[in-house]
Protein chains: 2
Amino acid sequence: MSQRNTAVPSELRTLEDAEAMIAHGVCPIPPREILDKIAGKWAIQIIVATSRGPVRFTELERLIEGISRRMLTLTLRNLERDGLLERTIYPTVPPKVEYRATPMALELYEAMLTLTNWSRRHSACVAASRERYDARQTG
Amino acid sequence: MSQRNTAVPSELRTLEDAEAMIAHGVCPIPPREILDKIAGKWAIQIIVATSRGPVRFTELERLIEGISRRMLTLTLRNLERDGLLERTIYPTVPPKVEYRATPMALELYEAMLTLTNWSRRHSACVAASRERYDARQTG
DNA sequence: CTGTATCCGATCTGATACTG
DNA sequence: CAGTATCAGATCGGATACAG
């Protein structure tokens with residue numbers, strides 16, 4: 001076989017692990033359908049907001065600054081569809097609906113923290129690089 | 001002061017760390033301008049492709065399946081602007097230009113691996129959840 | 001209270017043709 | 001080889017009005 005004799009690591013930690021995957025023909029980055037969760041403008045914020053317990057629709061609308069009712073509904077539906085949010089309806093009048101992050105969503109939130117660390121370490125550097133680049137274009 | 005007496009962790013590892021940040025009024029997720037790197041359809045793939053050494057424009061075009069010349073150029077420029085890619089021009093005829101991921105980009109790539117792990121663990125579950133959800137809507 | 005429906009502008013992406 | 005320019009289609013997200 002044409003593959004190197006390194007094993008496919010069960011858990012990726014280093015770039016070397018990623019190289020091993022590539023050597024085995026496996027893609028070391030999440031598929032688009034997963035990245036799209038993170039890409040969306042509101043999904044992560046909703047997961048964070050519902051990570052400590054059930055939250056009602058209107059509470060979310062207040063909590064997440066700038067979100068429109070339309071996008072709140074759409075994003076909630078998508079997250080529920082993916083199994084990242086649990087939706088509970090209380091058949092009262094007026095209706096009461098609660099959303100809560102699932103364990104899988106909490107793990108996603110936790111996985112995001114390495115990205116948060118990266119951005120805390122480097123966002124100033126990114127901003128500086130942008131300024132330099134833009135200055136070169138202008139000048 | 002109104003804050004809890006937990007310290008702001010310098011490195012986030014657990015959801016508890018994230019809670020501590022929230023208690024201090026700090027957002028525990030990366031800002032939009034950082035998430036947008038990951039959100040883009042091609043950025044991560046380009047970082048991976050250039051992570052082992054300099055790669056030429058045309059090589060990238062071949063390596064990254066389905067990318068248009070336009071999007072390749074645009075994404076390369078954005079990554080260079082952010083300091084994630086280093087661009088080297090050799091003033092030869094015909095011209096030769098090489099792109100290479102910076103150390104900062106390699107760290108981003110590495111940070112992404114926790115997300116890759118998450119998706120490897122859960123993407124089947126997400127897919128199953130979607131099917132169940134869609135079946136409920138149809139039926 | 002918890003949504004849905006409709007419209008609209010902005011942005012993203014691809015296709016194609018052209019150039020130093 | 002390494003781009004740029006232009007156009008068009010698709011998708012995203014916001015504003016607003018309406019409804020069970």
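In what follows, every chain begins at residue 1, and chains take the letters A, B, ... in the order their sequences are listed.
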Quickly work out the [X] [atom1] to [N] [atom2] distance and round it to whole Å.
X        : N       : atom1 : atom2 : result
Ile64(B) : dT13(C) : CD1   : C1'   : 15 Å
Phe57(B) : dG3(D)  : CZ    : P     : 5 Å
Leu63(B) : dA2(D)  : CG    : P     : 13 Å
Glu59(A) : dC1(C)  : CD    : C1'   : 12 Å
Ile46(A) : dG13(D) : CD1   : P     : 11 Å
Met71(B) : dG9(D)  : CE    : P     : 18 Å
Lys96(A) : dT2(C)  : NZ    : P     : 9 Å
Leu35(B) : dC12(D) : CG    : P     : 17 Å

Does a side-chain N or O from [X] land closer than 4.0 Å to OP1 or OP2 of [N], or not?
X        : N      : result
Arg70(A) : dA5(C) : no
Arg56(B) : dC1(D) : no
Tyr99(A) : dC1(C) : no

Base, sugar-phosphate, or nothing for Thr58(A), non-hydrogen atoms under 4.0 angstrom?
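Sugar-phosphate, backbone atoms only, no base.
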Under 4.0 Å between any heavy atoms, over every strand shown, what does Arg69(B) touch: base, sugar-phosphate, or nothing? Just pick one.
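Result for Arg69(B) = base.
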Pairwise distance [atom1]([X]) to [atom2]([Y]) - rounded to 0.5 angstrom:
X         : Y         : atom1 : atom2 : answer
Asp17(A)  : Leu113(B) : CG    : CG    : 7.5 Å
Thr116(A) : Met21(B)  : OG1   : CE    : 7.5 Å
Trp42(A)  : Ile64(A)  : CH2   : CD1   : 7.5 Å

In plain terms, say whether Glu80(B) and Arg100(B) are close enough for a salt bridge, that is, a side-chain N and a carboxylate O under 4.0 Å apart.
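Here Glu80(B) does not pair with Arg100(B) in a salt bridge, since their nearest N and O are not under 4.0 Å apart.
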Heavy atoms within less than 4.0 Å of DNA chain C: which residues of residues 74-95 of chain A have one? Give them sorted by number.
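Residues of residues 74-95 of chain A under 4.0 Å from DNA chain C: Arg77(A), Arg87(A), Pro94(A), Pro95(A).
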If you look at every heavy atom in Ala7(B) and Ala20(B), which pair is closest and at what distance?
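Smallest interatomic distance, heavy atoms only, reads O-CB, 3.8 Å.
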Distance-only side-chain donor-acceptor flag, Glu86(A) / Tyr99(A), under 3.5 Å:
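Their side chains do not contain a donor-acceptor pair, so the 3.5 Å distance test is not met.
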Residue Glu59(A) excluded, over 12 heavy atoms near CD under 6.0 Å:
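Enclosed: over 12 neighbouring heavy atoms sit under 6.0 Å from CD of Glu59(A).
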Nearest-neighbour nucleotide for the Val97(A) side chain, dT2(C), dG3(D), dG14(D) considered
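Per side-chain heavy atoms of Val97(A), the pick is dT2(C).
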By nearest atom, which of the nucleotides dG3(C), dT4(D), dG14(D) is closest to the Ser68(A) side chain?
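My answer, after comparing the listed nucleotides, is dG14(D).
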